[in-house]
Amino acid sequence: MTWKEVTVRCLCAAWRPLWPECVLQRDFEGFEELEEEAVVHEIVALGNSMGLEVDDDDVEELVEEHSKELSTEEQLELHKEENETLKRSLTSEESGEEEDKEESRIIPAKDLKDAFFCWSKLSKLAEDYHPDVGSVQKAISVFNDNVMNYFWKVQKT
C-alpha cells in the first residue's frame, strides 16, 4: 500500500485519538454532503481495487434504494420470500430417499389431532407469556409455514 492510497478519513481516524488537536474539525454547515461524497469515493475506490467496475452513480443509486422505507406490503412480500427460500433450502437438504419414505408413511388421524392440539397449546402459551412478542409471532409463522403446513395438507387428503 502506498501513501497515495491512504485516505484523509483514514488518517484523521488514526490521529484523532492520539493527537486530537492536529485533526481539523469541520463545521457542520454542509458537513453531511462532504462526508457522503467522501464515503462514496472511498467505496468506489475500494470496489475498483477489487476489480469491480463501479462508479459514483452506482454507489449513490444503491444508497438511495436502501434508504427508502419499505411499505407494509413490501415487508410482507419480503417475509414471504424469506419463508419460501427457507422452505426450498430445507427441501433441498432432504435426500430423495427420505422424501419417498415420508410420502409413503400414513399418519394416523389421532397423531395428527395430537400434533395440532400440542402446537395450539404451545403457540398460545408462547404468545401469552413470552416477553418478545415480535419474535414469538415470527417463530410461530415460520413454524406454521415450514412444519405445520405439511400436516395440514396431509389432514386435508
When E81, H79, K87 are each screened for side-chain hydrogen bond (donor to acceptor under 3.5 Å, both in side chains) with N83, the one that passes is H79

Shortest non-hydrogen contact from G47 toward V54: CA-CG2, 4.3 Å

Common cluster, L62/L78, ILVMFWY with side-chain heavy-atom separation under 4.5 Å: no

Transitively linked via ILVMFWY side-chain contacts under 4.5 Å: W152 with I140? yes

Is there a path of hydrophobic side-chain contacts, each under 4.5 Å between heavy atoms of I/L/V/M/F/W/Y residues, joining L52 to V40? yes

Rounded distance (nearest 0.5 Å) linking atom CD of E77 with atom CD of E84: 9.5 Å

Pairing of E127 and K124 as salt bridge, 4.0 angstrom limit: no

I'd like to know if L76 and F143 are part of one continuous hydrophobic network [Ile/Leu/Val/Met/Phe/Trp/Tyr, side-chain heavy atoms within less than 4.5 Å]. no

Looking only at the side chains, is there a donor atom on one of N144 and W119 sitting less than 3.5 Å from an acceptor on the other? yes

Separation of I107 CD1 from D114 CG (nearest 0.5 Å): 12.0 Å

Heavy-atom donor-acceptor pair, S141 side chain to K138 backbone, under 3.5 Å: no

Can you get from Y150 to F116 by hopping between Ile, Leu, Val, Met, Phe, Trp and Tyr side chains that sit under 4.5 Å apart? yes

Roughly how far, to the nearest 0.5 Å, is CZ of R88 from CG of L86? 10.0 Å

I'd like to know if the side chain of D58 and the backbone of D55 have a donor-acceptor N/O pair within less than 3.5 Å. yes

Shortest non-hydrogen contact from D132 toward S135: OD2-OG, 2.6 Å

